[in-house]
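Okay, structure first, notes after.
Along the sequence shown, residues carry numbers from 1.
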Amino acid sequence: TVLLQNVKRQGRAALPLDQPKNGTRIAVIGPQANATGQLGGNYFNSECASGTVVWTVAAGGGGQLSSWPCVPTLVQAVKAVAGDAAKVTYSKGCEQRCSGTDTGGANVSTKMSEYAPNVCNAADRAGIPPAVAAAGDAEIVILGLGFDTVIGGEGHDRLDMALPGAQEELALSVLRAVSPKTTVVLVLYAGASISIDALLEAARQPDAIIVGHMPGVTGGTAVAEALFGKHNDFGRLPYTVYPHAYQNTTQFTEMSLRKGKHTPQGRTHRFYTGTPQFKYGEGMSFTEFALSNALRADADKTVPQAKPYHV
């Protein structure tokens, strides 16, 4: 997991969360908050230890078409870590992708939804109002967003770098609805970077952002424990997160890394000349370090004005 944002209010960072007491209201929202596809990935076995077969090639295999009851989801892990003193509610809000049609029902397993995952209709958005209501009543909101192998994986690539489907709309609606005192944590589960321009430019941003990647079967538990400060072993980003507009200036089939005709801003942390949303190697921790009376290695002199810094 990577901690990318942890806003301070009145001198205190949003994370880690306090251990709940006296009925602390926590709303866990989003299509990846109670899903196992992004946790198991596409190399998980066809059954749990109990022998229950939950993944088959005939059913499409992997992603949101799979359900592994032996894998703790994010909301299940939050309930376990938060304990009985917390009142944890869950609302999906939307599927991870839309139906691909302007009208009709919400169907996420058709060719239309595969080819046009961001074309949403009223049925695709029907779960957003209940999710917004749940967020408005909560003291802590945890948004579980992102995508699994249904959106992008071996043999098929994503069509867009942003949050797929109605997820961005869901997140913005939640951010507009919550109280200024509510702590909002965004957890991104995905096998690649996600551009979140709209969320970072919103009047109310997420207070904390964690990238959970596609972490494996204990990924829900790992993130939940990190949220409540049970451990502090965050890593660093293994890629650059580009602004959403980058995909419109760079030709997808051009493999050059350096600045060129079809890559006007270059690629990767070595050659990208634009301003990334988050840099390669970026990542925070809960620990704050301070230097004082430090000596330069090449001189017997005290370094002036040493300042606290985060790693």
Side-chain angles (χ1 to χ4, degrees), residues 1-7 30 32 38 41 96-98 100 114-120 143-172 175 184-215 234-285 309-311:
T1 55
V2 181
L3 178 63
L4 289 180
Q5 183 160 293
N6 197 15
V7 176
Q32 299 299 350
Q38 86 287 1
Q96 67 173 326
R97 67 180 181 185
C98 286
E114 181 179 344
Y115 296 148
N118 297 329
V119 177
C120 308
L143 283 166
L145 308 179
F147 64 87
D148 58 33
T149 55
V150 165
I151 298 293
E154 293 188 17
H156 62 288
D157 297 305
R158 284 187 297 164
L159 302 179
D160 197 286
M161 292 166 53
L163 284 164
Q167 294 186 70
E168 183 176 285
E169 182 179 343
L170 168 65
L172 290 174
L175 288 169
V184 181
V185 182
L186 171 63
V187 178
L188 294 172
Y189 282 118
S193 67
I194 299 177
S195 301
I196 53 172
D197 305 51
L199 276 61
L200 296 176
E201 295 168 2
R204 168 69 190 271
Q205 295 185 20
D207 299 294
I209 301 174
I210 288 181
V211 176
H213 302 293
M214 195 170 283
F234 294 102
R236 301 297 182 101
L237 270 185
Y239 46 65
T240 300
V241 181
Y242 302 99
H244 188 227
Y246 176 78
Q247 69 182 31
N248 300 321
T249 63
T250 301
Q251 188 169 310
F252 182 76
T253 56
E254 173 59 60
M255 294 293 102
S256 297
L257 300 182
R258 298 177 186 273
K259 185 176 180 179
K261 179 180 179 180
H262 301 300
T263 53
Q265 293 180 296
R267 271 199 180 100
T268 76
H269 64 285
R270 292 192 63 193
F271 303 110
Y272 179 56
T273 58
T275 302
Q277 283 185 1
F278 297 103
K279 299 177 182 178
Y280 167 84
E282 189 168 344
M284 303 173 67
S285 141
Y309 64 98
H310 293 273
V311 296

(message) With heavy-atom distances below 4.5 Å as the criterion, would you say the side chains of Val184 and Leu143 are in contact?
(response) yes
(request) With sequence neighbours excluded, tell me which residues meet side-chain contact (heavy atoms from CB on, under 4.5 Å) with Ala202. (result) Leu172
(request) Any chance you could measure Ile194, atom CD1, to His244, atom NE2, to the nearest 0.5 Å? (result) 11.0 Å
(message) For Tyr280 and Tyr272, I'd like to know if the aromatic rings sit close, meaning centre-to-centre distance below 6.0 Å.
(response) no
(request) Using side-chain hydrogen bond (donor to acceptor under 3.5 Å, both in side chains) as the criterion, list what pairs up with His262, not counting sequence neighbours. (result) Gln251
(message) For Lys279, give me all partners under side-chain contact (heavy atoms from CB on, under 4.5 Å), at least two apart in sequence or on another chain.
(response) Pro276, Glu282
(request) Using ring pair (Phe, Tyr, Trp, His ring centres under 6.0 Å) as the criterion, list what pairs up with Phe271, not counting sequence neighbours. (result) none
(request) Report the residues that fulfil ring pair (Phe, Tyr, Trp, His ring centres under 6.0 Å) with Phe278, sequence neighbours left out, ordered by chain and then residue number. (result) none
(request) Only pairs at least two apart or in different chains count here, so list each side-chain hydrogen bond (donor to acceptor under 3.5 Å, both in side chains) that has a residue in residues 199-211. (result) Gln5-Gln205, Arg9-Asp207, Arg204-Asp207
(request) State, to 0.1 Å, how close Pro164 and Phe147 come at their nearest heavy-atom pair, and which atoms those are. (result) CG-CB, 4.0 Å
(request) Using the salt bridge (charged side-chain N to carboxylate O under 4.0 Å, His left out) rule, collect all pairs that involve residues 246-256, keeping only residues at least two apart or in two chains. (result) none
(message) Could you check whether any side-chain N or O of Ser195 sits under 3.5 Å from a backbone N or O of Tyr242, counting only pairs where one atom can act as donor and the other as acceptor?
(response) yes
(message) Could you work out, with side-chain hydrogen bond (donor to acceptor under 3.5 Å, both in side chains) as the rule, every residue matching Arg258, not counting sequence neighbours?
(response) none
(message) When you compare the side chain of Val211 with that of Tyr239, does any pair of heavy atoms fall below 4.5 Å?
(response) yes
(request) Check whether any side-chain heavy atom of Pro215 sits under 4.5 Å from a side-chain heavy atom of Thr1, and report yes or no. (result) no
(request) Mind checking side-chain contact (heavy atoms from CB on, under 4.5 Å) for Ala116 and listing every partner two or more places apart, or none if nothing turns up? (result) Val119
(message) Holding to side-chain hydrogen bond (donor to acceptor under 3.5 Å, both in side chains), I want the full list of residues that pass it with Gln277, two or more places apart in sequence or in another chain.
(response) Asp197
(request) Give a yes or no on whether the backbone of Ile151 and the side-chain of Arg158 come within a donor-acceptor separation of less than 3.5 Å. (result) no
(request) Measure the spacing between CG of Leu145 and CG of Leu163 and express it to the nearest 0.5 Å. (result) 5.5 Å
(message) Taking side-chain hydrogen bond (donor to acceptor under 3.5 Å, both in side chains) as the definition, give me every residue that meets it alongside Gln32, ordered by chain and number, with sequence neighbours left out.
(response) Gln96
(request) Output the distance between atom CG (Leu175) and atom CG (Leu199), rounded to the nearest 0.5 Å. (result) 5.5 Å
(message) Looking at every non-hydrogen atom in both residues, tell me the closest pair between Ser193 and Val241 and how far apart they are.
(response) CB-CG2, 4.0 Å
(request) Provide the closest heavy-atom pair for Val2 versus Gly283 in the form atom of the first, atom of the second, distance. (result) CG1-CA, 4.0 Å
(message) Can you pull out every side-chain hydrogen bond (donor to acceptor under 3.5 Å, both in side chains) where at least one residue sits in residues 162-172? Sequence neighbours excluded, please.
(response) Arg125-Glu169
(request) Would you mind reporting whether Ile209 and Ile196 have side-chain heavy atoms less than 4.5 Å apart? (result) yes
(request) May I have the step-by-step check of side chain to side chain contact (heavy atoms under 4.5 Å, CB included) for Thr249 and Gln265, ending in yes or no? (result) CA-CA 8 Å; Thr249 63; Gln265 293 180 296; 3.6 Å; yes
(request) Write down the atom of Thr240, the atom of Thr268, and the distance for their closest heavy-atom approach. (result) OG1-C, 4.0 Å
